[in-house]
Amino acid sequence: VTDSKARLAHFGDAQLAIEGIRDYAVFMLERDGTVASWNEGGRTIKGYAPSEIIGQSHTRFYTREDVQAGKPARLLARAEREGRVEDEGWRVRKDGTRFWADVVITAVRGPDGILRGFVKITRDLTERKRADEALRQGEERLRLMIDSVEDYAIFMLDPTGRVTSWNPGAERLKGYKPREIIGQSFARFYPEEDLRAGKPARELEIAAAEGRFEEEGWRVRKDGSRFWANVVLSAVRDVRGTLLGFAKVTRDLTERRRAEQAVIERARQQGAVARLGVFAVEKGDLDEVISRAIEVVRDTLHTELVQVLELTGEGSSLTLRAGSGIDPCAVGRGRVAGQGASQLLAAEALQLDPQRLQELGFLSGQHPPSGITATIRASGRPRGAYGVFAAHTAAAREFTGDDVSFLQSVANVVSAVIDRRAMEDQLRIVEQRAQEERIRTSQIREALRERDEFISVAAHELRTPLTALQLKLQGLERGLKGIAPENNPGAGKLGDRLDGALRQTERLSHLIERLLDVSRIASGRLELARDRFDLAELVRQVAEDFREPAAAAGSELRVQAGQRVEGTWDRLRMEQVLVNLLSNAVKYGAGRPIAVRAEPAGERIRISIADQGIGIASEDQARIFSRFERAAPMRNYGGLGLGLYICQHIIDAHGGRIEVSSRPGEGSTFVVDLPLVAAHANPAGHDPPQARA
Amino acid sequence: MNARGCNRTVLVVEDDHDVREAIAEVLADSRYQAVPAANGAEALRQLRAARVAPCLILLDVMMPVMDGWQFRAEQQRDAKVKDIPVVVLSAHADAGDAAARMSAVGYLSKPVALEQLLSMVERFCAVEPESEEESK
């Protein structure tokens with residue numbers, strides 16, 4: 001009994017302890033599953049108060065499905081048979097909600113071995129279950145995600161580097177199917193040289209040591225082709241730090257790398273063109289620029305064969321001018337382009353592909369499989385082109401659009417030099433012509449100056465002997481007069497002959513004066529001594545002087561100058577003009593009447609002298625006012641041909657005009673139009689002012 | 001000037017022999033004595049050697065050895081002869097201008113007419129005492 005009491009007491013303590021447990025529902029079941037006791041944990045987890053549940057069947061803790069499936073009875077049967085049963089599964093609370101429970105049911109037997117009932121311990125695993133579920137779903141999502149990624153190869157390696165998983169991205173990128181690669185070493189993704197360098201193993205070591213390894217480099221596909229890859233290798237370890245393997249993410253950067261390379265290449269090409277341009281500006285020599293351009297193309301495009309072909313023979317043939325990788329003996333050798341080629345050359349752009357150049361023999365002995373060409377334009381050349389810039393490679397190669405535009409830019413630099421040189425040549429020719437013209441003009445001016453100087457010197461020189469001659473003749477005349485006629489019976493006859501000689505010295509003197517007038521006009525020293533007088537009266541006087549010689553020539557002089565016209569002119573010069581015009585009229589008047597008129601016209605005077613003689617052809621009318629010019633043939637009519645030239649200058653100096661109208665065989669009319677008073681230079685073609693009313 | 005006693009002598013400074021001779025002839029016809037000189041230097045020698053000064057100097061401008069300008073400058077530096085009047089004789093249009101710049105009493109343009117020559121000479125070498133009176 002004591003033992004029993006002690007056990008009971010002990011049991012009672014245990015009972016208290018059990019009742020206080022909150023985290024576990026701990027309660028007793030009768031043999032048939034009726035709840036016999038309850039604790040605080042049962043209330044917390046399942047929601048029942050002891051009074052509500054003691055005496056009830058434990059089946060109410062199970063879901064309907066489990067009850068229908070007979071799970072409560074089965075678990076008790078197993079516990080009875082095996083002493084203990086553990087189960088995880090859904091259970092139901094008082095309020096009907098479910099929770100995930102870990103349940104242990106232990107059979108309780110008396111000392112006699114007879115089953116008394118069961119102890120059931122239930123733990124609420126809902127939180128843990130939720131976490132597990134999340135993890136499971138997370139893994140699933142991750143797997144789906146990894147499988148759906150096509151742009152990245154994402155796969156796992158075991159610690160030795162063998163592939164353990166393979167996603168579609170990896171398959172797409174590297175070309176292997178999962179079954180072909182799983183279990184294989186990742187080393188097969190590396191190019192030969194990396195393998196020899198031991199790179200795969202080293203990368204694993206670094207990733208294991210530092211947790212991560214990243215690089216960019218060449219990788220190899222299943223088909224052997226290479227691609228530029230970004231690779232991240234991450235070590236995977238468990239909670240204790242044991243290396244489980246590696247996650248590897250690989251990205252194909254071939255396109256990005258190509259784009260980057262293209263940008264770099266383009267910048268390099270543009271830099272090369274710019275430097276060539278600077279060189280061309282500094283040098284300007286075509287041959288030097290061409291050979292530099294060839295070097296630039298060779299070094300930039302890495303083309304073994306570079307040629308500059310000049311279009312020759314008016315565009316019908318091509319001649320190798322310079323090149324790199326060419327046969328030096330071929331330089332200067334021309335090749336007739338032939339009909340087919342000539343059609344090509346006629347096109348705006350000289351597109352010559354390798355095949356065409358091969359046909360033309362410019363690639364003889366060499367077989368460059370790829371190449372590009374660019375036209376070297378030149379505006380001043382046949383077909384508007386200097387020729388072709390060609391770049392070819394020995395190895396097959398794809399040229400980019402950038403390469404073509406680079407070559408064209410280089411060709412354009414050469415074009416610019418050719419055009420500039422052509423312009424410079426043209427400019428030089430123009431300058432040379434201008435220089436020649438200047439020299440010629442100055443030579444002519446010098447010759448004219450020398451002639452005028454000669455005329456001046458000659459006239460002065462002639463005056464000296466004329467002085468001696470005239471003085472002697474006049475002395476003789478005077479001496480003759482001093483002798484009484486009775487002492488000198490032949491004096492009268494001698495006097496006439498002396499008169500004749502003196503008239504000749506006057507003529508000589510007159511000719512010399514005209515020569516001096518020309519000299520004065522040429523040097524701008526024709527000066528006027530103006531006086532106020534009636535010019536109509538002077539016309540009448542001069543006409544009167546001519547009446548006799550005109551009559552001697554058979555011409556009647558008809559003078560109409562009755563109206564007084566007063567003004568200021570140089571009397572001697574005016575007389576000179578009138579004498580000149582009248583003597584011309586008598587000389588060329590062919591014995592027909594000569595009309596002389598002088599009349600006022602407003603603030604001007606108009607004098608006309610009209611003959612009906614041989615006239616002047618229209619083509620001669622302009623030049624009769626030039627120096628030493630005469631319309632009449634020299635043989636028949638004497639004179640220096642200075643009269644009208646001097647007349648025009650005298651009239652000009654007075655601000656007037658002289659004009660001629662004439663028809664051959666019908667005569668000439670000279671009209672002099674003069675302002676009455678000194679005026680500023682009269683612009684040519686200006687009409688005289690109308691007479692005031 | 002004539003008060004010094006004019007001897008009707010005219011110094012003719014002219015490089016052209018024919019002109020010199022023609023002038024001498026016509027002056028002789030009118031009872032003047034012409035002393036010829038082919039250039040300025042010769043004229044200066046004649047002038048300084050003469051016992052009686054000429055009443056007039058006819059002076060050409062352009063001459064070899066010593067031209068009219070140099071002669072005139074030398075003459076004006078020599079007190080004994082500087083007052084003898086000078087008439088410029090020139091073939092150039094600017095004879096008047098040259099005469100003015102040389103302070104000559106007059107000029108004659110070639111070709112010279114006999115009447116002009118004689119009237120010019122007469123102005124400075126009058127014969128009769130009454131002419132001398134008139135010129136005062």
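Chain letters run A, B, ... following the sequence lines, proteins first, then strands; residues in each count from 1. Computed over heavy atoms, backbone and side chain alike; hydrogens, waters and symmetry mates excluded. What you see is a predicted model, and the numbers here were worked out from it, not measured in a lab.
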Per-residue contacts, residues 459-475 of chain A versus chain B, heavy atoms under 4.5 Å:
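Listed by number, the contacting residues are A:H460, A:R463, A:T464, A:L466, A:T467, A:A468, A:Q470, A:L471, A:K472, A:Q474, A:G475.
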
Are the side chain of A:S583 and the backbone of A:N580 linked by a donor-acceptor contact shorter than 3.5 Å?
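Such a contact is found between A:S583 side chain and A:N580 backbone.
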
Would a distance-only check, ignoring hydrogens and angles, find a side-chain to backbone donor-acceptor pair under 3.5 Å from A:Q504 to A:A501?
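Looks like no, no N/O pair under 3.5 Å.
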
Show your working on salt bridge (Lys or Arg N to Asp or Glu O under 4.0 Å) between B:D16 and B:R20 and close with a plain yes or no.
CA-CA 6 Å; B:D16 188 276; B:R20 229 170 34 238; over 6 Å; no

Yes or no on salt bridge (Lys or Arg N to Asp or Glu O under 4.0 Å) for B:D60 and B:K110, after CA distance, side-chain angles and deciding distance?
CA-CA 10 Å; B:D60 190 10; B:K110 291 180 189 173; 3.7 Å; yes

Relative to chain A, which of B:A113, B:S109, B:S90, B:A91 shows the most heavy atom pairs under 4.5 Å?
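Of B:A113, B:S109, B:S90, B:A91, B:A91 has the most heavy-atom pairs under 4.5 Å with chain A.
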
Looking at B:L118, B:V26, B:V112, B:D18, which one has more heavy-atom pairs under 4.5 Å with chain A than the rest?
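The option with the most such pairs is B:V112.
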
Taking everything shown except A:E548 itself, do over 12 heavy atoms lie less than 6.0 Å from its CD?
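No, not enclosed.
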
Going by atom types only, do A:Q576 and A:D517 share a side-chain donor-acceptor pair under 3.5 Å?
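Yes, A:D517 and A:Q576 have a side-chain donor paired with an acceptor closer than 3.5 Å.
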
Residue B:L117 versus chain A: region with a heavy atom under 4.5 Å:
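The answer is the side chain of B:L117.
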
Under 4.5 Å between any side-chain heavy atoms of B:Q76 and B:S103, yes or no?
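Yes, close enough: below the 4.5 Å cut-off.
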
